[in-house]
Amino acid sequence: MTSSPKIQVMDVSKTFKLGGEDFVALDHVSIDIADREFVTVVGPSGCGKTTLMNILAGLEEPSSGRALVDGKPVEGPGPERGVIFQQYALFPWLSVRKNVEFGLETAGVGRRERHEVAEKYIAMVGLEQFADALPKMLSGGMRQRCAIARAYAVNPSILLMDEPFGALDALTRVRLQEQLLETWSQDRRTVVFITHDVDEAVFLANRVVVMAARPGRIFTTIDVPAVTRDEAFRMSDQYAHLRNQVWSAVHHQS
Amino acid sequence: MSLVGVGADAPATPDARQKAGTKRRPPSITLLNTASIVFGIALWWGLSLAGFKLPTPPEVVKSAVRLLSDGTLEGDILASLRRVLTGFVLGTALAIPVGFLMGWYTIARALIEPWVQFFRTIPPLAIIPLAIVLLGIEETPKIFVIFLAAFLACVISTFQGVVNVDKTLINAARVLGAKDGRIFLKVVIPASTPFILVGMRVGLGSAWATLVAAELIAAQEGLGYRMQAAQLYYDLPTIFVGLITIGVLGLLMDRLLLFAERRLTGWQERR
Ligand SMILES: Nc1ncnc2c1ncn2[C@@H]1O[C@H](COP(=O)(O)OP(=O)(O)OP(=O)(O)O)[C@@H](O)[C@H]1O
Ligand SMILES: [Mg+2]
């Protein structure tokens, strides 16, 4: 028995009305993503990465085609698909702890359990000392970590991440990348990770999806061998080779 | 010479900087406020002594003491406060749900907005003649006019608040499993609180500003009525007492709301 893909994007197109004209943001996009796969998506600005993620998240509907999760059509957002937005989207009036507890409270989880789960994920992202701080007191990297903890707390089987580390400095970014891989290697969620950064795409992925713009489509996909992601990998020829491959796919789209 | 100059200058530099720093530090705000008020009163006093038709500060104080000791001022303050607060509370209590409706449901907005925009262009005072004819000369028309002023000021800003709620925050709540009801309670309401509080402050200002005119409608007491009555007898000190009382009470209530605003919206990032 072969297990069916976790996520199936079947011939999905999305058009927006722009000043009376149809603008094709996604043009017949199809892709299968296996359970526990870590897929990164790269492509030029405006190629429809966010649109694709919004469709998977259930925040937007495809104009044609279908998106399936666990074999069922996506109908609206659901807590089994955690989303980490590029702009953090923390609730500014809630403390870190309350932000992390938001999804649990929505699900009707009792106070004590909520507290325990929040504690666990706040610790995971290293924000224990800031559990009761408001988002305005956090740095960009800390906000991002809080957003990650918030998404993890509802224990989604899929994580959709839209350029989550885009606004961070190189050092913080590398730290969070390693942390993300570490947790992923423990709990093996299915991850769809959008990025602008070719290095990041190669370092994190099992598979890199390269998209092209006008119209938004999948240009090619590049598999990354399952080797340990560490500094040695970053320095390896294999890594350099894959980077070049992805780089030319992104920059020499004809 | 130049060497000596440098030598003499060098150790002096930090010292000089410190002095400049002390000089540049602005004097305390409270001090300036007080100085400004004292100066204003002195100017007023000077003008009244110089022959302008103004009562002197001591005359005003004397009048205030007289009005306080026979209970007139207290009665007036109570009557006016009751009107303003009743109108204001009713106005904002209606404005907030209506503003939310307008912001949340396009249909409600389309139905309500033309009326709000239309009545906003009419100064509440211009409603007074109509209010008298329709509602008589009791408390109702006075409170109604104040209510209208507070309502119109607050409804627009509540509506703006709801419309301006960051779409990403709503999406963030949705992907965490929240449905409309919870999104409304836990995202829309807190996110628009700053707008609502600004609306309440503006509404209170309008309510207070409408008071005196509203009390022209056959009132028996109230600060506006008292000033009206005093006008008939050229009783300038009493008019001054009325004006100052209105100003001070208005300021106090505004500070109270400002305090609430600080407490409730401290999460905002101030630019
Ligand atoms: N709501 C919308 N209405 C109209 N056009 C839209 C809308 N959302 C996206 N688009 C258009 O669809 C195209 C793809 O947008 P999308 O945000 O998915 O790009 P992206 O790949 O995420 O780009 P970036 O890397 O800059 O974030 C863009 O050209 C954008 O103008
Ligand atoms: Mg995007």
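In what follows, every chain begins at residue 1, and chains take the letters A, B, ... in the order their sequences are listed.
Within the 4.5 Å cutoff, the side chain of B:L176 has heavy atoms near those of the A:R150 side chain.
Within residues 90-123 of chain B, no residue has any heavy atom closer than 4.5 Å to a heavy atom of chain A. Interface residues of residues 184-208 of chain B toward chain A, defined by a heavy-atom distance below 4.5 Å and sorted by number: B:K186, B:V187, B:P190, B:A191. Scanning residues 139-167 of chain B against chain A with a 4.5 Å heavy-atom cutoff picks out nothing at all. Interface residues of residues 112-148 of chain A toward chain B, defined by a heavy-atom distance below 4.5 Å and sorted by number: A:L134, A:K136, A:R143.
Only the side chain of B:R182 comes within less than 4.5 Å of a heavy atom in chain A; its backbone stays farther off. Heavy atoms of A:F85 lying under 4.5 Å from chain B belong exclusively to its side chain. Looking at A:L90, only its backbone comes within 4.5 Å of chain B, counting heavy atoms on both sides. Proximity to chain B (any heavy atom under 4.5 Å) is shown, for A:E105, by both the backbone and the side chain.
The choice from A:L160, A:L59, A:N54, A:L104 that makes the most heavy-atom pairs within less than 4.5 Å of chain B is A:L59. For the set A:A151, A:A89, A:G78, the count of heavy-atom pairs under 4.5 angstrom toward chain B peaks at A:A89.
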* To do: Take A:W93 and B:T265, measure what side chain to side chain contact (heavy atoms under 4.5 Å, CB included) needs, and give me the verdict at the end.
  => CA-CA 8 Å; A:W93 51 86; B:T265 65; over 6 Å; no
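Considering OG1 of B:T168 and CG of A:D162, their distance stands at 11.0 Å, rounded to 0.5 Å.
With a 6.0 Å radius and a threshold of 12 heavy atoms from other residues, nucleotides or ligands, B:I29 has its CD1 atom at or below the threshold.
A:P79 and B:G177 get closest at one heavy-atom pair: CD-CA, 4.3 Å. Here the closest non-hydrogen pair linking B:R174 and A:G58 is NH2-O, 4.1 Å. Closest non-hydrogen pair, A:P92 versus B:W267, comes out as O-CB, 3.1 Å. In terms of heavy atoms, A:F91 sits closest to B:L169 at CE2-O, 3.5 Å.
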